[in-house]
Amino acid sequence: MALSFREALGSCLAAIPPGRVTTCGLVARTLGDVRAARSVATWILEHPDIPGAHRVVRADGRPVAPSAAGGLAREGVRLRGGRVAESRFLESLSGAAVLEDLRETQRRLAQRVEEVDDGKELGTFGGVDVAYAGDRAFAVAVRLDARTLETIETCERAVDVDFPYIPTYLAFREYPAVRAALEGLRERPDLLFVDGHGRLHPALFGFACYAGVQLDLPTVGIAKHPLAGKLVPSAPRMLGAIPVEMDGVVRGFAWTPPRASRPFYVSVGHRISLERALREAQRSTRTRYPEPLLVADRITKEERDKKNTERSASG
DNA sequence: GCGACAG
DNA sequence: ATCTTGTCGC
């Protein structure tokens, strides 16, 4: 059965015997992917009450939790120079490899991605983005007129998140909030822009693909930073954009808008061709980033700050 | 071969 | 993404 991140981490920590410690890297490998090491540390820092959290250390032996010294001392573990001796480190750990399961889910769903579109005119562009305040996610979905780029409608939803940010697993953190916001729109957009990569992903299944397949909606992935693939500046440009290849296949483009200082990355999410994804991304851009994502990003931060103010005002 | 890695 | 001081440019 599928375990949540929280439960899987809990079972990992419960498997560390008193008097021993484990590195973030080993916890991450046990969860199924070493690239989650930093996320494990962040999660423990932000959830200091997790049982066993005091037994997690960095590679150099420094405990992750600032208050770990007391719990370790009660188990006979002394800190020397703020570090736990390597002789205390566990070499292996048992636990549920949830990230392996999620990667398998990505690979399976990746086969459903359709990289062709129906060629129809697009009346509206959608955009989704999420801001965070601790475990609270503030998601916004917007729908814009594709010709004028004027905002037609917006929808905000706040939901609790229970999955950390882990590179290449972004969808599992953001999708629930994004879906909730999209469901509140009166009409679905003809094409949805997602803040994150599409097929430019190690499993060819970034957040934009995940959202597209789950929603059965045409999507385009837009990202500010590279994740997978390599730029090929020597290759012929497409509409002024530099191809990004993975294993010799062009999976995306890096495009710098006319007055912008840096490029953004475009790739297919679902139900669209790569060339058209680039063309629509360019058509939707007025300044430095596709307008639907700028609008969603702005509202998302306004909502978060508004809710935070209300919360502190009411005690 | 290994580490880094969207938001 | 968020945090956060200082710094730069319009």
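Keep in mind it's a predicted model, so treat the numbers as computed, not measured. Numbered from 1 within each chain, the chains take letters A, B, ... in sequence-line order.
- The phosphate of B:dA4 has neither OP1 nor OP2 within less than 4.0 Å of any side-chain N or O from A:R38.
- When the options A:F163, A:Y210, A:Y169 are evaluated for a ring pair (Phe, Tyr, Trp, His ring centres under 6.0 Å) with A:Y175, the one that passes is A:Y210.
- Among the pairs that DNA chain C forms, none builds a region of at least three successive Watson-Crick or G-U pairs under 3.5 Å.
- In this structure, the aromatic ring of A:Y165 is not positioned over the six-membered ring of the base of C:dA1 within 5.5 Å between centres and 30° between planes.
- Checking A:E75 against A:H54 by side-chain atom types alone, a donor-acceptor pair falls below 3.5 Å.
- Residue A:H225 places at least one side-chain N or O closer than 4.0 Å to OP1 or OP2 of B:dG7.
- Heavy atoms of A:P226 sit under 4.0 angstrom from primed sugar atoms or phosphate atoms, though from no base atom.
- In summary, the side chains of A:R103 and A:Q106 do present a donor paired with an acceptor at a separation below 3.5 Å, with no hydrogens or angles considered.
- Backbone-only contact: A:A131 has heavy atoms under 4.0 Å from sugar-phosphate atoms and none from a base.
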Could you write out each protein N or O paired with an N or O of nucleotides 7-10 of chain C at a distance under 3.5 Å?
none

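- The phosphate of B:dG7 has neither OP1 nor OP2 within less than 4.0 Å of any side-chain N or O from A:Y132.
- The main-chain N or O of A:A211 is never found under 3.5 Å from a side-chain atom of A:Q214 such that the two would form a donor-acceptor pair.
- When each of A:L191, A:V116, A:D216 is tested with A:R271 by the rule side-chain contact (heavy atoms from CB on, under 4.5 Å), just one qualifies, namely A:D216.
- Candidate nucleotides C:dT2, B:dA6, B:dG7 were compared by shortest atom distance to the side chain of A:H201, and B:dA6 ranks first.
- Nucleic acid contact class of A:Y265 (heavy atoms, under 4.0 Å, all strands): none.
- Nucleotide B:dC5 holds its P atom 17 Å from the CE atom of A:M246, rounded to whole Å.
- There is no side-chain donor-acceptor pair under 3.5 Å between A:T300 and A:E303.
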